[in-house]
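Below is one structure, written out as structure tokens, with a few remarks after it.
Values below: all heavy atoms of this structure, side chains included; hydrogens, waters and symmetry mates excluded. Numbers restart at 1 for each chain; the letters A, B, ... are given by sequence-line order, proteins then strands.
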Protein chains: 2
Amino acid sequence: MTAPDYDQRIEHWKTALHQNGYRVTQPRLQVIRILAESEIPLTPQEIYQLSLGLDSPPGIASVYRTLEMLDDLGLIQQIHQPSGCHAICPAVEGHKHLLICTSCGQMRVVEGNEAVSEYIRMIEEQTGYQVEEHLLQLFGICQNCS
Amino acid sequence: MTAPDYDQRIEHWKTALHQNGYRVTQPRLQVIRILAESEIPLTPQEIYQLSLGLDSPPGIASVYRTLEMLDDLGLIQQIHQPSGCHAICPAVEGHKHLLICTSCGQMRVVEGNEAVSEYIRMIEEQTGYQVEEHLLQLFGICQNCS
DNA sequence: AACCTTACTGATAATAATTATCATTATCAT
DNA sequence: ATGATAATGATAATTATTATCAGTAAGGTT
């Protein structure tokens, strides 16, 4: 993610806090910066460990509280990896999916596709289910690592 | 899942244990039966709770040990739900996906599709990633619940 | 710019989930 | 039936997450 994108995301998140009646506090900003800056998904514990390098780092409880708030606002999402399930990254909006390198962990957002939507509609017809949500994540080796 | 399928799966799993040098013990069989029998994904703790209804139920440690073994053998897989990430079900082989009812939890296996494979190949070309694995799970409301 | 309300914080206790330890037991090849 | 040993149960240790509460800081108001 380039610098302007990065700053823009942070501004967007700060605005979202404001508009929802949350205060923009130092601990929250520290967690937000770590998340927005990272190119790989992070666990709550990893975020906490990274924060320890900062001046007056947040307590572990505030890390969890901030993540819960960001999740309520839909600003982050969980990554579900074969190796573990509590890594977190900025939420992917709309019809997009995550592509994650199993070697270096780098993540990349890719566009969804009409073919996938079509597949889901077909499954709905076949099964009678109303599909409300889908989880599609791709794992592989990125160009750097191969 | 019909009764013959159920028995067949248990026989298959027992054979797999044998062929990989694992002993077919009572605690393992108890966990295997609970998993094969269930129509919904179960957490380790739920499996343990269910086992308490049996004669001489396995210890919690054996439940975890059995799940680790079954996972190593590729016989089970984890379900990644928005609400939590440690539910377990028998592994889906080949190009199939899981469809899970967010109301009653019932799961159903659906066939994959050439369109999905095509989408993944397109992403590979666009990004230079070699996609080795993908996670596609659909969540919705089943016919019974709607 | 100082004040005031109260949402938020850090420290830590409590809870829950998972893993490690080890003496005893049960599996299964012989 | 026997013996080697993989596996077990009980429980301690570890790790992750959530709850509690007195003190603090954000930010609207004056």
Side-chain angles (χ1 to χ4, degrees), chain A residues 10-11 13-34 41-73 75-76 78-88, chain B residues 10-11 13-34 41-73 75-76 78-88:
Chain A
I10 290 179
E11 286 312 310
W13 288 12
K14 282 165 74 173
T15 306
L17 297 209
H18 237 107
Q19 288 179 343
N20 289 276
Y22 293 104
R23 293 182 181 174
V24 177
T25 67
Q26 283 311 309
R28 283 171 179 172
L29 270 177
Q30 289 169 326
V31 170
I32 284 173
R33 286 204 197 96
I34 288 172
L42 299 169
T43 64
Q45 295 291 334
E46 286 169 341
I47 292 167
Y48 177 64
Q49 290 304 321
L50 285 171
S51 79
L52 294 180
L54 306 172
D55 287 348
S56 58
I60 182 70
S62 287
V63 172
Y64 278 102
R65 283 186 288 233
T66 300
L67 293 176
E68 194 186 352
M69 178 199 65
L70 293 173
D71 191 49
D72 288 345
L73 295 176
L75 298 175
I76 57 173
Q78 281 201 3
I79 297 292
H80 306 282
Q81 290 170 286
S83 51
C85 302
H86 293 258
I88 287 156
Chain B
I10 290 179
E11 286 314 309
W13 287 14
K14 282 164 73 173
T15 306
L17 297 209
H18 237 107
Q19 289 179 345
N20 288 275
Y22 293 104
R23 293 181 181 174
V24 177
T25 66
Q26 282 313 307
R28 283 171 180 172
L29 271 178
Q30 290 169 326
V31 170
I32 285 172
R33 285 204 197 96
I34 288 172
L42 299 170
T43 65
Q45 295 291 333
E46 286 168 341
I47 292 167
Y48 177 65
Q49 290 303 320
L50 285 171
S51 78
L52 293 181
L54 305 172
D55 288 348
S56 57
I60 182 70
S62 286
V63 172
Y64 277 103
R65 282 187 289 233
T66 300
L67 292 176
E68 193 186 353
M69 178 198 66
L70 292 173
D71 191 49
D72 287 345
L73 294 177
L75 298 175
I76 57 173
Q78 281 201 3
I79 297 292
H80 306 282
Q81 291 170 286
S83 51
C85 302
H86 293 258
I88 287 158

Check the distance between dA7(C)'s P and N20(A)'s CG and give it to me in whole angstrom.
15 Å
Integer-rounded Å distance: dA17(C) C1' and I47(B) CD1
14 Å
Rounded to the nearest Å, what distance is computed from the CE atom of residue M69(A) to the P atom of nucleotide dT9(C)?
8 Å
Set out, in order, the CA-CA distance, both residues' side-chain angles and the distance that settles side-chain contact (heavy atoms from CB on, under 4.5 Å) for I60(A) and Q45(A), then state yes or no.
CA-CA 8 Å; I60(A) 182 70; Q45(A) 295 291 334; 4.2 Å; yes
Each nucleotide N or O in nucleotides 23-27 of chain D that has a protein N or O under 3.5 Å away: list the pair and distance.
{"unit_1": "dA26(D)", "atom_1": "N3", "unit_2": "R23(A)", "atom_2": "NH1", "d": "3.2"}
{"unit_1": "dG27(D)", "atom_1": "OP1", "unit_2": "V24(A)", "atom_2": "N", "d": "2.7"}

Compare the minimum distances between each of dT17(D), dA10(D), dA11(C) and the side chain of R65(B), then state the nucleotide with the smallest one.
dA10(D)
Grab the CD1-P distance between I60(B) and dA13(D) for me, whole Å please.
19 Å
For atom CD of Q45(A) and atom P of dT18(D), their distance in whole Å
11 Å
Does L67(B) offer a backbone N or O that forms a donor-acceptor pair with the side chain of D71(B) under 3.5 Å?
no
Once you apply the 3.5 Å cut-off to both distances, tell me the Watson-Crick or G-U wobble partner of dT30(C), or none.
dA1(D)
Would you say the side-chain atoms of Q30(A) pair up with the backbone N or O of D55(A), donor to acceptor, closer than 3.5 Å?
yes
How many Å lie between CD on E46(A) and C1' on dT15(D), as a whole number?
14 Å
Please lay out, stage by stage, how M69(B) and N20(B) fare under the test side-chain contact (heavy atoms from CB on, under 4.5 Å).
CA-CA 10 Å; M69(B) 178 198 66; N20(B) 288 275; over 6 Å; no
Are any non-hydrogen side-chain atoms of I79(B) and H86(B) less than 4.5 angstrom apart?
no
Nearest whole Å is fine: how far is dA17(C) C1' from Q49(B) CD?
13 Å
May I have the distance from L17(B) (atom CG) to dA6(D) (atom C1'), rounded to whole angstrom?
13 Å
Can you tell me how far apart CG (L73(A)) and OH (Y22(A)) are? Round to the nearest 0.5 Å.
5.0 Å
